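Remember, it's a predicted structure, so these values are computed and weren't measured experimentally.
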Amino acid sequence: MSYLTDQYREQARARKALPEVPGQMMSEVLDQVGAQRRTLLRGGLGATFAAAFGGSALLTACGGGDDATPTDGAASYDVNFKAVSASVGEQVTVPEGYVAEVMFSAGDAVVAGASAFTGAFLTAAQYEQVSGGNHDGMHLFALDGVDPNQGGLLAINHEAPDMRVLFSGGTYPASPTVDDVKIRLSSVGVSVIEVQRAVSGQWSVKADSTYNRRYTGNTVYQVGGPAASLVGSTVVGTLNNCASGETPWGTYLTCEETTDNYLDPTQPELGYGWVVEIDPQGVFAATKRTAMGRFDHENTAYLMDADGTLAIYMGDDSTPGCVYKFVPSAKVNTSNRSANQNLLDSGKLYAAKFNADGTGQWLELTQGLNGLVAGAQDPGNFTQFTADAPPAAVTVDFNTQADVLINTKAAARVAGATLMDRPEWVSVGPDKRIYCTFTNNGSRKITDAANPRVTNSHGHILRWVEAGNSAAATAFQWEVFLLAGDPRLSADNLKGNINGDTFSSPDGLGVDPQGRLWVQTDASTSSGTTNTFGNNAMYYLDQVTKASSRFLVGPNGCEITGLTWTPDLKTFFVNIQHPSGTWPSNVQGNNLPARSSTVVVRRTDGQPIGA
């Protein structure tokens, strides 16, 4: 979650006069860390691809929710790269023998024939055809007739506007015109671009592709599922598109990390906070899937059984929030893509309860079960308060399943789900082990086994396994995989237990098809944090030894987020969100403002990443 999201949320809470819950702002985390600031860095700080289901490249292999396993038997995937040092500066740093090349930046042309932002501001209609801002989650989809290691369709989320690309001085007008509102809304949503690899190894956007399109805050979306009766048949706009996921039938799930439209408060709130299913090929209409619940969605990841039973895992990026799982009523049709078009409109939604003994249950969020009835008492976010002064309970009427889905956060609390320290990305590995990052919670007062630290300023990672490794399981076994922090910090709750290169605030997460775990960070970019950890970065974590190796460091002011790859794992796509200095113009040779961008990481010798 971008710090910009924090700011927009604060404005929305103030506008609606909502009561404050401690820990909602990154600044509160920084206040806790500030007392422990120490200068720890010395010296100069350096400047879904398998056609597995009967021919279509958009029907991906079952199990894991990541791309199919590479088939290059001669390649080595052993991790041997030389880790890079923590650093700050106006560059993307990668290991020796690697390059990180800028491919796609905020304001670049998307739709064929569009005029890119080159310094002069565009019209509202023109901004609808160029890249949005704050690149976040993304996924690379195969395209029939194209070698998936040489090209495909890249779907990219845009969490928030890159204001300097939109308005003079990067400032939204105090009295915006109708076009100003449209321009800001054009900068969120999703870009779908066809990308291609040249003989040289460099990647670029195929400018004339008919697949290139935008889905923005001005687009009209269909609404499906039980809550459509309350939301309406259509909604104008999607926004705060944080991370994402894919389905086994090759559609893109973009996640709305907000339960209102703070960019256009005239729109009804119930239209936001959903998972939106988008077909990269544009065959199916973009649809908000209400059966998957309404909350501050971060990403999705799936596990699928051999019989087509599907589970989609999700985190509520709130402080605190819960972890969820959705199991559709019908099984995935692995031979007919169109048969899955509305699969996500019916099913059971669950919230996770992490028990102290390492067991866990999926609590069903169905009206009439687990206390979800009229007159239910929502205990609120009690972990943010002391035990002797809890928040006042709020009465919630769950009369229908639509009520449960509209008020999913309250439903999870009423059912007894565990309130977690800001759940972010979930990833399912080829071995069916499931990982989730919990970025931080600087105002936690009450701890539990799954959230063991008060004032959890640096976050942690959990790992769990479903009973029988089944998507249909309602029980699981879990463990704390890692506590982020640095042993050089003085307070015990800030030290963590990282073996190797330390980091703060794990966010982006991906287990690649070879079972290698990659983590990206979204820590504060203030000197109080960068003096310890350097700029936000991407790490490889050994799943056995839990050793951490820093793979990539971003430029000043950025968050590292978004991760996808080619099937042969020779190309990684990584997003650099909200850089604040001179990058990427300093490497592109222009005078444009700092812009969120997608970079391509590859080895110069053409071998798989990491080896």
Side-chain angles (χ1 to χ4, degrees), residues 13 16-24 225-231 256 258-260 268-275 288-297 313-327 329 345-356 360-423 441 444-446 448 450-451 474-475:
R13 285 195 299 270
K16 293 182 284 187
L18 295 178
E20 283 299 316
V21 175
Q24 299 301 301
S229 59
L230 298 180
V231 176
E256 297 180 333
T258 180
T259 53
D260 68 349
E269 290 186 2
L270 296 188
Y272 309 95
W274 306 107
V275 172
K288 301 199 177 194
R289 303 298 184 186
T290 65
M292 300 176 74
R294 177 172 172 260
F295 48 89
D296 295 314
H297 283 273
Y313 301 92
M314 305 168 286
D316 175 11
D317 188 355
S318 296
T319 311
C322 294
V323 176
Y324 298 88
K325 167 173 144 175
F326 175 71
V327 179
S329 300
D345 281 345
S346 178
K348 291 182 178 180
L349 183 64
Y350 300 86
K353 181 180 181 181
F354 295 87
N355 298 319
Q361 288 87 42
W362 290 108
L363 305 174
E364 186 176 337
L365 303 184
T366 295
Q367 194 276 333
L369 299 179
N370 292 316
L372 303 181
V373 296
Q377 295 298 296
D378 174 11
N381 292 319
F382 59 88
T383 58
Q384 309 304 100
F385 298 81
T386 59
D388 60 349
V394 175
T395 299
V396 183
D397 290 327
F398 297 110
N399 294 311
T400 66
Q401 186 60 17
D403 292 334
V404 172
L405 298 172
I406 291 290
N407 301 290
T408 304
K409 292 170 180 273
R413 292 190 293 259
V414 168
T418 306
L419 293 175
M420 307 296 293
D421 286 343
R422 194 175 148 195
N441 181 354
R444 176 176 280 272
K445 300 292 194 300
I446 299 175
D448 54 54
N451 304 274
T474 55

Sidechain-backbone polar pair: D296 side chain, D316 backbone, donor-acceptor under 3.5 Å: no

From Q367 atom CD to T400 atom OG1, the distance as rounded to the nearest 0.5 Å: 7.0 Å

Residue pair Q384 / T319, side-chain heavy-atom distance below 4.5 Å: yes

Non-hydrogen side-chain atoms of W362 and V327 separated by less than 4.5 Å: no

Any donor-acceptor pair under 3.5 Å from T383 side chain to I446 backbone: no

Contacts of D345 that satisfy side chain to side chain donor-acceptor pair (under 3.5 Å) - sequence neighbours left out: R289

Pairwise salt bridge (Lys or Arg N to Asp or Glu O under 4.0 Å) hits with a residue in residues 371-381, at least two apart: D378-R413

Under 3.5 Å donor-acceptor, T408 side chain and G293 backbone: no

Residue list, salt bridge (charged side-chain N to carboxylate O under 4.0 Å, His left out) with D448, at least two apart or on another chain: R444

A402 versus P226, closest heavy-atom pair with distance: CB-O, 3.7 Å

Minimum-distance pair of heavy atoms, taken over all atoms of P391 and F385: CD-CD1, 3.5 Å

Derivation of the side chain to side chain contact (heavy atoms under 4.5 Å, CB included) call for I406 and D403: CA-CA 5 Å; I406 291 290; D403 292 334; 5.8 Å; no

Close side-chain approach of H297 to D317, heavy-atom, < 4.5 Å: no

Partners meeting side-chain contact (heavy atoms from CB on, under 4.5 Å) with T366 (sequence neighbours left out): E364, L369, Q401

Close side-chain approach of L419 and C322, heavy atoms under 4.5 Å: yes

If you look only at distance, which donor and acceptor atoms sit under 3.5 Å apart when one is on a side chain in residues 348-356 and the other is two or more places apart or in another chain?
from : atom 1 : to   : atom 2 : distance (Å)
N355 : ND2    : T359 : OG1    : 3.0
N355 : ND2    : Q361 : OE1    : 2.9

Least distance between heavy atoms, G368 atom then V373 atom: CA-CG1, 4.0 Å

Stepwise side chain to side chain contact (heavy atoms under 4.5 Å, CB included) test for T395 and Q377: CA-CA 5 Å; T395 299; Q377 295 298 296; 2.8 Å; yes

Steps toward side chain to side chain contact (heavy atoms under 4.5 Å, CB included) verdict (Y324, L365): CA-CA 10 Å; Y324 298 88; L365 303 184; 3.8 Å; yes

Exam field: side chain D397 to backbone G375, donor-acceptor pair closer than 3.5 Å: yes

Test applied, side chain to side chain contact (heavy atoms under 4.5 Å, CB included); reference residue, R294; option that passes from T259, V404, L405, V231: T259

Side chain to side chain contact (heavy atoms under 4.5 Å, CB included) assessment of T290 paired with W274: CA-CA 6 Å; T290 65; W274 306 107; 3.5 Å; yes

Test ring pair (Phe, Tyr, Trp, His ring centres under 6.0 Å) applied to Y272 - qualifying residues, sequence neighbours left out: none

